[in-house]
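Here is the structure we will look at.
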Amino acid sequence: MTKGQQIIQQWYRQKNWQQFAFQREMEAAYLSGYSGLLNAPTGSGKTFALFLPFLAGFINKYPDTYTTQKNNGLLMLWITPLRALTNDIRKAMQEACDEIGLPWHIATRTGDTPAAEKQALKKKLPEVLLTTPESLHLMLAQKEYPKMFGNLQIVVIDEWHELLGTKRGVQVELGLSKLKALSVGIGVRDAGNEEYGLDENKNTIIDHPPRTTHHAPRSPESRTPLKIWGISATIGNLEQAAEVLLGNDFPSEKIKMIRANLEKKLDIRSIIPDNVENYSWAGHIGLKLLPQVMEIVARSKTTLIFTNTRSQSEIWYHAILDNYPEYAGIMAMHHGSLDNELRNWVEQALHAEALKVVVCTSSLDLGVDFRPVDTVIQVGSPKGVARFMQRAGRSGHHPGAVSKAYFVPTHSLELLEGAALKAAIKKGIFESRDPMLLTMDVLIQYMVTLAVSDGFRANELFNEIKSTYAFADITRNEFDQLLDFITSGGKTLAQYDEFLKVEVENGLYKVNSRRVAMRHRLSIGTITSELSVRVKWLSGGSLGTIEESFISKLKPGNTFWFAGRSLEFIRVKEMTAYVKKSNSTKGIIPSWNGGRMPLSSQLAAVFRDKLDEVAHGVEKDEEVIALKPLFNLQQELSHLPQSNEFLIESFKSREGHHLLFYPFEGRLVHEGMASLLAFRISKIKPASFSIAMNDYGFELLTDDDIPIEEILEDAGFFSIDNLLDDIQHSLNANEMARRRFRDIAHIGGLVFTGYPGQQVKNRHLQASTSLLFEVFSEYEPNNLLVRQAYNEALAFQLEEFRLRAALQRIATQNIILKVIERPTPFAFPIMVDSLGRERLTTETLEERIAKMARSYGAEGVAEPAERRNRKPGITRKKGF
DNA sequence: GACCTGCTGCGGTGTG
């Protein structure tokens, strides 16, 4: 056993920790020089599984000197997606070093780090640096960055599954390609120099001449000595995750996948309403089950209640306070629009076990490690298996403990998702994270980043980025277009100085303007967000942020609920809304505009399986048994589709002709499919439709009578032939792309969002990105960024891939057309979904649903309920 | 400018 390994063993004994098999495996792999991916859940000691072997490696290499004070320079770079994680992990690592007697300095460098500390880091590097992808790029935007990373031994990308599939992930890929390239050059030069980096007389990091030209092209013999390790939770495509992380040039014999295979005991239960028949058929808040939820909370020590939206957590918090006032003081709320100070306080209080319950959104998905929580409650569909697993895993956090998680349906049919979730987890089905490809905006940003610091040479950079997974397929022609774009503004913008950022001197692409450099550093990153209004007490102190559009609808004196308090609105000044405490118990709760998460395709598939079981009379799940009356009614009024059947319901009311389709494929696909089918119908019979949808199906409503039997006979109705063409005609693809383009323009640096604290007005940004989009579309139709905008719209807004798969599935199914008398349990939630929900409504949704139920119930098909705010579908009148 | 229920995440200046 080596000295390093001995020290590790001793450390585990001292800590009285069990060393798991995967940790030993990890140790062996690391010490034999492998890179790869560690698949381990949080709470399994994954940090030490990587950190200790790294220490052991160092101690093995320098067994006699490691205890004396040395200036090693940066040896390990640890990247996490969350600022907060860097601090927790740093503490743990520092403790380990102190205990072993290694006089190392472990530092963090994020947006939180004070400027003075950042300066100090430049002068004297720590041995281990914990940072974020954005901060890594900021470091790459500093002069002489190659020095900083010259002695780097290992890069760890923590929570890689969180980054993979996003533009932040692409940013990491690009950063790694540079670190690898640096290490190749240095590795070659350094061969045979064991004392490298250990010069105690000098306070410089490494002693080698500044690099004027960059590394030589890679040859197979000079493969990178740098080790790269990712840490990822379980996802559907772990192998691919490793490929993306390591890039195309990594020798496969140097790659290992280590799986923790720690069986986490999960105890999942659905909360079943006492009487499903009386439970809401529609809705998404779920407060009817509050008493049952609070019983569980009372029985548990600490509970996290996860909700799907920020306003939902406000509503639940409020309801608990109203009905269970004894929880005041031991309950808290946590979501992304609350002030950071408040959120930090909540996290601390959780840690100190001072809270009994926290109502939260996915803001607590990560970063609650080491906090004792014994029960997790999920209100509403988690929309994905992995997301639910992750949340469930937040409870019973020590190894070996059982995770207890409850699922609270917010409407009856959602209860079947509980059964689907359990089945999916049992079968080990997980969602994949698809890596993003050819994101030119991120590449442009990166190119300018390099130009801002030491400059780059085109051929070298091209080879480097070709080694990444994201840009493996980029052509030289495309790359040249980007070069042209950053140096001359491309074909279209050449006459505007503003876009001429990079200059070429002797083949070196470089930014010489300090102003350009500064502005660029200010806008590094791939996260774009809506402009929001800060909410502040008149007396000072911030509560959080809400959307401009919400505030603009308030008049001074109005009360609203936010951050769990009743507030009186005073005035808005410079993007800040001033409020004071109100005693009114009534108030509107703000809602925020956010992403629209559809049911994942994996969970949707298991849901369809469950439905098939139901149709075949299989009754083994408690959820299915409870839902029996509902399914019976569905069968009675219409039909329960088996997996080889596709149900369509046709129904006439005074409102018009309703057509209901049930692909069970998630709302984004339904939105696209609804528009597509509306278009295809209108080609046969001109008509104008309005569209409503949820995660289970969609509705087409028209004034005209549609000969649906006839239409269904047309083989082309569900066909994927001419799909793209029909989509182009049926949806406003232009508008969708324009919206995507706004973010792309931000990331690519085409618009400047302003200096911190003095943001450019949103309106202006909107106008300028819109203008750019138009100019490009007109004069440069093959512009790479415009092309990207269309591709992103197709892939993420329309989920074209899933849409295609769904159509292909439907083509193999038997179509069951049912003419129904009144809305079925399947139809009802979709029709309710189309009732507008304005932000400032006085009538609660519950009342509206009751009204709608009355209007359709006893009197049969009576006066239709108010149907505002429907999504305008295609308008194609006769004679078009 | 569009959303109508809808999450999360990062970064941060100058000049005389």
Side-chain angles (χ1 to χ4, degrees), chain A residues 80-86 109-113 115 118 131-138 141 159 162-163 166-169 171 282-285 306-313 315 334-337 360-367 380-384 387 390-391 410 514-515 517-531 547-550 589-598 667-668 692 694-695 732 735-736 738-739 742 747 752-759 762-767 769-770 832-841 845 868-872:
Chain A
T80 77
L82 244 65
R83 268 195 310 235
L85 288 177
T86 60
R109 192 239 180 268
T110 66
D112 279 346
T113 313
K118 282 179 195 161
T131 191
T132 56
E134 287 78 7
S135 288
L136 169 62
H137 278 251
L138 279 161
E159 312 277 1
E162 284 288 325
L163 295 165
T166 69
K167 288 185 183 178
R168 296 182 83 195
Q171 221 175 1
H284 66 276
I285 299 295
F306 279 102
T307 61
N308 280 341
T309 72
R310 284 165 279 187
S311 63
Q312 195 179 7
S313 63
I315 292 168
H334 196 283
H335 65 66
S337 289
C360 60
T361 62
S362 43
S363 57
L364 276 187
D365 263 357
L366 287 175
S381 166
K383 308 280 185 194
R387 189 180 289 114
Q390 177 156 41
R391 290 178 181 176
T410 55
R514 291 185 60 179
R515 182 168 166 274
M518 183 190 78
R519 280 179 162 221
H520 180 74
R521 287 200 193 95
L522 278 171
S523 52
I524 279 179
T526 59
I527 300 171
T528 56
S529 46
E530 295 287 324
L531 202 57
E547 287 187 2
E548 205 179 0
S549 56
F550 176 78
I589 292 179
S591 73
W592 290 261
N593 244 330
R596 300 154 72 215
M597 300 165 290
R667 58 176 300 133
L668 294 183
N694 66 10
D695 275 323
N732 200 345
E735 196 47 49
M736 284 163 66
R738 183 194 301 269
R739 281 192 64 74
R742 193 182 68 160
I747 296 167
F752 182 58
T753 41
Y755 293 101
Q758 36 182 320
Q759 249 90 34
N762 236 15
R763 238 178 293 286
H764 300 164
L765 281 181
Q766 184 64 43
T769 57
S770 207
V832 168
D833 216 48
S834 67
L835 294 175
R837 271 166 240 165
E838 289 131 302
R839 291 192 183 173
L840 302 178
T841 178
L845 181 67
R868 273 181 276 174
N869 293 335
R870 276 188 159 251
K871 280 191 175 297

First encountered from the 5' end of DNA chain B, between A/Ser770 and A/Leu522 | A/Ser770

Calculate the interatomic distance between A/Met736 atom CE and B/dG1 atom C1'; express it in whole Å.
-> 16 Å

Rounded to whole angstroms, how far apart are CD on A/Glu548 and P on B/dG1?
-> 13 Å

Provide the distance between the two C1' atoms, one in B/dC3 and one in B/dC7, to the nearest whole Å.
-> 16 Å

So CD of A/Gln312 and CZ of A/Phe306: to nearest 0.5 Å the spacing works out to 13.0 Å

Has A/Ser549 got a side-chain N or O lying under 4.0 Å from the OP1 or OP2 atom of B/dA2?
-> no

Let me know the distance between NE2 of A/His520 and C1' of B/dG14, rounded to the nearest Å.
-> 18 Å

Regarding the side chain of A/His284, the nearest nucleotide among B/dC7, B/dC10, B/dT5 is B/dT5

Donor on one side chain, acceptor on other, A/Arg738 and A/Ser770, under 3.5 Å | yes

Could you tell me which residues satisfy side-chain hydrogen bond (donor to acceptor under 3.5 Å, both in side chains) with A/Glu134, sequence neighbours excluded, listed by chain and number?
-> A/Arg168

Between B/dA2 and B/dG6, how far apart are the C1' atoms? Round to whole Å, please.
-> 15 Å

What's the CD1-C1' distance between A/Ile527 and B/dG9, to the nearest Å?
-> 4 Å

C1'-based separation of B/dG11 from B/dT15 [nearest Å] | 23 Å

Which nucleotide sits closest to the side chain of A/Arg514: B/dT15, B/dG12, B/dG6?
-> B/dT15

Expressed in whole Å, how much space separates the C1' atoms belonging to B/dG9 and B/dT13?
-> 23 Å

Short side-chain N/O contact to B/dG11 OP1/OP2 from A/Arg83, under 4.0 Å | yes

Give one of base, sugar-phosphate or nothing for A/Lys167, where a contact means two heavy atoms less than 4.0 Å apart.
-> nothing

Comparing nearest nucleotides in DNA chain B, the 5'-proximal residue of the pair A/Arg109, A/Ser363 is A/Ser363

Side chain of A/Thr309 only, please: which of B/dG11, B/dT5, B/dA2 is the nearest?
-> B/dT5

Syn/anti label of B/dT13 as read from its glycosidic torsion, with the cut at 90° from 0 = syn

Rounded interatomic separation in angstrom, taking CD from A/Glu735 and C1' from B/dC3 | 12 Å

Quick one: label A/Ser311 by what it contacts on the DNA or RNA (base, sugar-phosphate, nothing), any heavy atom closer than 4.0 Å.
-> nothing

Can you check whether A/Arg310 has a side-chain N or O nearer than 4.0 Å to OP1 or OP2 of B/dC7?
-> yes

Looking across every strand, which nucleic acid part, if any, lies under 4.0 Å from A/Arg515 by heavy atom: base, sugar-phosphate, or nothing?
-> nothing

Calculate, to the nearest 0.5 Å, the distance between atoms NZ and CG belonging to A/Lys383 and A/Asp695 respectively.
-> 3.5 Å

Just call it for A/Glu162: base, sugar-phosphate, or nothing, with non-hydrogen atoms closer than 4.0 Å on any strand.
-> nothing

For the student: nearest non-hydrogen atoms of A/Pro598 and A/Leu668, plus distance = CG-CD1, 3.8 Å

For A/Ile285, answer base if it contacts any base atom (sugar-phosphate contacts may also be present), sugar-phosphate if it contacts only those atoms, and nothing otherwise; contact means non-hydrogen atoms under 4.0 Å.
-> nothing

Describe the nucleic acid contact of A/His335 in one word from base, sugar-phosphate, nothing, applying a heavy-atom distance below 4.0 Å.
-> sugar-phosphate

Donor-acceptor pair under 3.5 Å: do we get one between A/Ser362's side chain and the base of B/dC7?
-> yes

Could you check how far CE of A/Met597 sits from P of B/dG6, rounded to whole Å?
-> 10 Å

side-chain N/O A/Thr132 vs B/dG11 OP1/OP2, d < 4.0 Å = yes

Can you find a side chain N or O atom of A/Ser135 that sits less than 4.0 Å from OP1 or OP2 on B/dG11?
-> yes

Partners passing side-chain contact (heavy atoms from CB on, under 4.5 Å) against A/Arg514 (at least two apart in sequence or in another chain) = none

P spacing across the pair B/dC10 / B/dG14, given as an integer number of angstrom = 23 Å

Return the nearest nucleotide to the side chain of A/Glu134; candidates are B/dG9, B/dG11, B/dC7.
-> B/dG11

Interatomic distance, A/Asp365 CG vs B/dT8 C1' [rounded to whole Å] = 8 Å

Of the candidate nucleotides B/dT5, B/dG11, B/dG1, which contains the atom at the shortest distance from the side chain of A/Arg667?
-> B/dT5

Using modelled atom types only, decide if a donor and an acceptor are shared between the side chain of A/His335 and the backbone of A/Ser313 within a distance under 3.5 Å.
-> no

